[in-house]
Each structure stands twice: as C-alpha cells, then as structure tokens.
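These notes concern the structure reproduced below.
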Amino acid sequence: MASTKILLVGLGNAILPNTRHNVGMMAIDAIAKSLNLAWSQNRTWKSDVTETTVRTENSKEYQITFLKPRELMNISGSCVAKAVKELAIPLNNLYIFHDDMQRDLGKVNLKGNGSANGHNGIKSVIKSLRSEEFKRVRIGIGRPPANIDDRSYQIVAKFVLSKFTPNEIQQLEKSVYPMWTQQGGLELLCEKGELLKEPKKKNKKRKVTQEQSAEPNCVKACI
C-alpha cells in the first residue's frame with residue numbers, strides 16, 4: 001500500500017523558546033513528544049525534523065514529516081520550500097502551524113489557502129513556494145492588553161516575542177495540543193484535513209417557578 005506524504009511545519013524562532021510567536025513550533029513539539037519521536041537536524045533544509053507513519057481506521061497509511069525551521073521567522077520559508085521539493089509534497093498536504101493574534105488564546109482555526117494576513121512567517125513561505133495554496137493551522141495567542149494595544153509595530157513585536165505565562169502554557173496543554181495528541185486528531189487531520197472538534201457542552205436548563213427568577217536584537221527577523 002502506497003503511503004500519502006504529509007508535511008507538518010511549526011513556525012517560530014528556535015532561539016526564543018516558549019514565546020507567543022513560537023506556538024506553532026510548540027504544537028509540533030507536543031505532537032512529536034506524544035509519539036515518542038526524536039528530532040534530528042537536516043542541514044540542507046536548515047531545520048529540525050522527525051517523521052512517523054500513521055494508519056487510520058480505513059487502513060489508509062500516511063507518512064508524516066514534522067519540521068521546525070532553524071531560520072528566523074520571517075526568512076523561514078526557504079526551509080519549508082526545500083523540504084517540499086525534496087519530499088515531493090503536494091501543497092494540499094502541507095500544513096503550517098502558526099500563531100494568530102486575531103484569535104483568543106487557545107482558539108484554533110484551519111485555513112485552506114489565501115493571503116498571509118500580515119504574518120511574516122507565512123509571507124516568507126508564500127514567497128519561497130510561489131504559491132498560497134497550502135493549509136494553515138492558526139493558533140490564537142490573543143492580543144496585548146487593551147490599555148496599551150495601539151497596534152503599533154513596537155507593541156506588537158514586544159507582545160509576540162514575550163513568553164507565555166505558566167497558566168497560558170497550561171491552557172495550551174489542556175485545550176490545544178490534545179487536538180492532535182489524543183482521540184485520533186492527527187489521523188483526522190491527515191485523512192480529512194479537519195480539526196478535532198470539542199464536544200458541545202450541554203446547557204443545564206432549570207425550571208423557573210414563581211418563587212425563582214433567572215439571573216442574568218533580532219526583533220525584525222523574528223516577527
């Protein structure tokens with residue numbers, strides 16, 4: 001049986017671990033750790049890589065390569081392009097995991113293609129591939145506090161290059177990484193190109209009686 005090749009890329013800055021801009025790289029790390037995979041350096045791609053094979057319930061087989069660029073964020077596209085070319089990865093089987101300031105912390109969205117929406121790492125990938133036709137897994141990191149969020153370069157850069165708090169890392173470990181480390185989430189992504197959905201919470205309804213009432217250094221290259 002022929003395997004389908006999948007490339008999962010985590011964007012970030014390897015020299016700045018646990019920062020908000022690195023959440024894509026952190027997600028890829030979490031998946032690799034859950035599979036007990038060991039990383040090695042590919043000097044040609046200027047990246048850290050590891051790989052595995054997964055089989056779905058439908059007996060389909062996927063050969064997955066995980067990649068973390070060693071280049072800084074806004075020039076990391078060349079790392080991705082070299083891997084895509086050498087592995088002969090169809091662009092619809094390329095998934096880029098990256099941070100998204102337009103979503104609250106821990107909110108995840110899958111985008112099929114399109115522009116970079118201002119993300120310099122995605123801009124670099126588009127430029128190197130000469131195509132926008134690849135998938136993006138966008139992981140929310142929220143925005144700076146409202147009292148200082150003037151959308152200026154300085155404020156945004158300081159925020160995305162700041163480290164997650166311990167509580168924020170706990171939130172990622174509880175609600176984000178399990179989307180691919182548990183319950184067949186990785187297989188779902190490979191086979192159907194979909195994200196694992198959280199089970200809907202049932203609202204407990206309560207009868208309201210007459211007696212009750214309802215209560216309402218490298219900043220530019222890194223980002």
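What you see is a predicted model; the values in this text were computed from it and never measured.
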Check the hydrophobic clustering (I, L, V, M, F, W, Y; side-chain heavy atoms under 4.5 Å; chains of links allowed) and say if L37 and Y62 are grouped together.
->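 Linked within one cluster.
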same_hphob_cluster(I28, I89) at 4.5 Å side-chain heavy-atom cutoff |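 Not linked; separate clusters.
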Could you walk me through whether T165 and N167 pass the side-chain hydrogen bond (donor to acceptor under 3.5 Å, both in side chains) check?
-> CA-CA 5 Å; T165 67; N167 285 341; 5.4 Å; no
Can a donor-acceptor pair be found, under 3.5 Å and without considering hydrogens, that links the side chain of [X] to the backbone of [Y]?
X	Y	value
S34	I31	yes
N113	F134	no
S128	S78	yes
E191	T56	no
N13	I15	no
Y95	L189	yes
D150	S152	yes
N22	M25	no
R136	G114	yes
K163	R20	no

Salt bridge [X]-[Y], side-chain N to carboxylate O under 4.0 Å:
X	Y	result
R143	D149	yes
D104	K107	no
R55	E187	no

Enclosure of K127 NZ (heavy-atom neighbours >12, cutoff 6.0 Å) |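 No, because the 6.0 Å sphere around NZ of K127 holds 12 heavy atoms or fewer from other groups.
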In terms of heavy-atom contacts, does NZ of K46 have more than 12 from other residues, nucleotides or ligands at under 6.0 Å?
->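 Open.
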Quick one: does [X]'s side chain get under 4.5 Å of [Y]'s, heavy atoms only?
X	Y	value
L11	V23	no
N92	E133	no
N18	M26	yes

Starting at CG of L16, measure out to NE2 of H21 and round the result to the nearest 0.5 Å.
->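 These two atoms lie 9.5 Å from each other.
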For [X] versus [Y], what's the shortest heavy-atom pair and its separation?
X	Y	value
T44	K82	O-CD, 3.3 Å
M101	P144	CE-CD, 3.7 Å
C79	R70	SG-N, 4.5 Å

Would I141 and E168 count as a side-chain contact (heavy atoms from CB on, under 4.5 Å) if you check the C-alpha gap in whole Å, the side-chain angles of each, and the deciding distance to 0.1 Å?
-> CA-CA 9 Å; I141 59 169; E168 288 171 334; over 6 Å; no
Apply the test side-chain hydrogen bond (donor to acceptor under 3.5 Å, both in side chains) to residues D99 and H119: give CA-CA distance (whole Å), side-chain angles for both, the deciding distance (0.1 Å), then the verdict.
-> CA-CA 9 Å; D99 58 299; H119 193 284; 2.9 Å; yes
Does a donor on one side chain sit under 3.5 Å from an acceptor on the other, for D48 and Q41?
->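 Absent: no donor and acceptor within the cut-off.
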Hey, mind stepping through E71 and S76 against side-chain hydrogen bond (donor to acceptor under 3.5 Å, both in side chains) and telling me if it holds?
-> CA-CA 5 Å; E71 295 281 22; S76 58; over 6 Å; no
Which residues pass the ring pair (Phe, Tyr, Trp, His ring centres under 6.0 Å) test with F97, sequence neighbours left out?
->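 With sequence neighbours excluded, F97 shows a ring pair (Phe, Tyr, Trp, His ring centres under 6.0 Å) to W180, given in chain and number order.
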